[in-house]
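Note sheet for the following structure.
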Amino acid sequence: MDSSIFRIIVRVIHSSGRSPGLFLSGLSWRILERILDLLPLLAVFFWLQNILLSKGDNDEAEASILWLAGTLLLIFLIQLVAAWKGQRNSFLGGYRIMAGYREQLLDRVHQLPLGVLAEYRTGQLADMMTDDIQRIENIFTHQVVELLTSLLVPLLLFIALLWVDWHLAIGLMAGFPLALLFLQLSRNLFIRVSQAKQDALRYTSGMVVEYVTGLRTFRLFNKAGVWLKRLYLQFDHITRTSIGVEIWGAGPVVLYRLLTELGLVAFLTLAAMQIAGMTPAQDQTELLSLLLFILLAYRMLGPLLEMAEHLAVLRFTVQSEQKLQQLYQRKPLSEPGSAEIPRNNDLIVQDLSFGYDNESLILDQLNFRVPENSMTAIVGPSGSGKSTLMGLLARFYDPQQGSVSLGGSDLKALGSEQLYQKVSMVFQQVQLFDGTIADNIRIGRPDASEQQIREACKAAWCDDFISKLPEGYNTRIGEGGSCLSGGERQRLSIARALLKDAPVLLLDEATASVDTETQYHIQRALSRLAQGRTVIMIAHRLSTIRHASQIIVLDQGKIVQKGRHDELLACEGMYRTLWQAQEGQHQSSAAS
Ligand SMILES: Nc1ncnc2c1ncn2[C@@H]1O[C@H](COP(=O)(O)OP(=O)(O)OP(=O)(O)O)[C@@H](O)[C@H]1O
């Protein structure tokens, strides 16, 4: 049948690191309880058969009533024990496995390379850790029992029916293979359409966020109508994909039920033919068998009909588990047994090649050296690999070939603790958490005093705006620092780096997308931060790197030029082209 559910169970148990003993024992008890449900019917059947065969012997009838009552009571008691043990063990075992699974997943997320973490949208990981896990938990606590019983109970009943009358049993199951085949064939289509719906929902929610956040600009530029039209089209697309999911989700289930019930028609016709051929005297016990058969047949069809619905629900769970499995399969970065200590703060990039996948190289054979206490700027057109290179210098990923070393030690041999003690980063996307301003800055040095925090903020030119906030340094800044402007967030991250006082500094686009006055303040704060450190910065405004000790020009993942500003300007090449383009822009904006 659908093997994915069993694969999921095995995978989840394996990943959880917990013993499945208790859960499996609970599962067995719960299945036993469902099977015992059938026994009273069989007991009554044998009792009736006995009565008919005893032909009015009163003593025997009395004894058999006692036998029947005793048997029914015994079945009831065993069922009671099975139900109690089943519920207790399966819930306890299931929840323990899921607790282990959650812990392991959290550990895995904790160890994921920072570059991989950045690939997930805000909230996406949280959804996976809550909603998707909840669905998987449901398998352990509810769905697996339902599914197994809807498979096992009909199987056992079918064996019993074969024993009572194999012609009728085969007739009863006439439509089932076809029903099953249809269900299985529709499975892949269903998965495809529901995947398409998920993609459409994700894309639309991105569009809605863009629309809402950019609404003011769109209205000012008279573009809100265009956006609305695009959104309406996208909503139409969601409607169409949703209908596809219903057609391929609910449609096959209905057809499966109809085809399975087709067997009932064949079976009832055969049964009617048998009854019509019976002579009354001869066949009282056979009539009884037929009656039992009909009762068992209905008991068998019930779970078989429900099975398709369980499988439909499970397909969503399978998708959740596959998402989490992909997360599990991302390899954490290796950590050294004993971390090396860097001898100095020289950074050396040697034969470095890197691609996000195995198909295309984003960086190709890079070689350069950043001496201690010097500034290196990385420039190049959009998409040339600047941020990727910065990510490798910060060990967000490991390179496929070559190495990055600090103070003579490969970053892999330093380990993340050593590395992040030595390196500070001020990136375009400033990561702030929901806490006070002081907490956010103190993360650079947890033991810093209030005075030290204030000094770092003064040096980063952010003390002014912090002091004007209602609770000063104790103001909560909301998730992601949403109540601060872009320039304020950047200055906070500079203060954080100043407080941390690490000897190596990685800067990425720190002056992008802010007005001239803010840019001036940020620039001053950055100059302060850069003093006496080894600095590598991505620069878009070439005027800010005229005094850099070294400029590296990247194009399509390769270093095409290397040198100081004057040297690069003196010769033909990409740097001069970029410089002239920016100069031209300045002159035309000054003229207008
Ligand atoms: N996480 C990722 N997965 C796959 N490809 C990526 C990823 N990040 C970047 N790329 C690709 O790598 C190439 C280099 O991108 P990168 O962001 O490093 O360039 P960049 O020079 O910093 O560009 P920009 O100046 O526009 O920021 C691009 O083709 C980009 O599409």
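Atoms within a ligand are numbered from 1 in the order they appear, just like the ligands themselves. No hydrogens, no waters, no symmetry mates; every other heavy atom, side chains included, goes into these values.
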| For Thr388, atoms of ligand 1 separated by under 4.0 Å from a heavy atom | 14 (C), 15 (O), 16 (P), 18 (O)

| Identified side-chain contact (heavy atoms from CB on, under 4.5 Å) partner of Leu389 from the options Ile362, Ile378, Ile538 | Ile378

| Atom CG of Leu498 and atom CG of Leu505: how far apart are they, to the nearest 0.5 Å? | 9.0 Å

| Within-shell test, Ser384 vs ligand 1, heavy atom, strictly < 4.0 Å | yes

| message | A cation-pi test, strictly: NZ or CZ of Arg576 under 6.0 Å from the centre of the six-membered ring of Trp579 and no more than 45 degrees from its axis. Yes or no? | response | no

| task | Tell me, please: is Gly391 in heavy-atom contact with ligand 1, that is, under 4.0 Å? | result | no

| field | Leu499 backbone acceptor or donor facing Arg445 side chain under 3.5 Å | value | yes

| message | For Ile362, which part has a heavy atom under 4.0 Å from ligand 1: side chain, backbone, both, or neither? | response | side chain

| Any chance the rings of Tyr101 and Phe140 have centres within less than 6.0 Å? | no

| request: Output yes when a side-chain donor or acceptor of Ser403 lies under 3.5 Å from a complementary backbone atom of Asp410, and no otherwise. | output: no

| said: On a heavy-atom basis, I'd like to know which of Tyr356, Phe354, Phe396 is closest to atom 7 (C) of ligand 1. | reply: Tyr356

| field | Numbered atoms and elements of ligand 1 in range of Pro381, under 4.0 angstrom, heavy atoms | value | 21 (O)

| message | Distance under 4.0 Å to a non-hydrogen atom of His540: what atoms of ligand 1 satisfy this? | response | 25 (O)

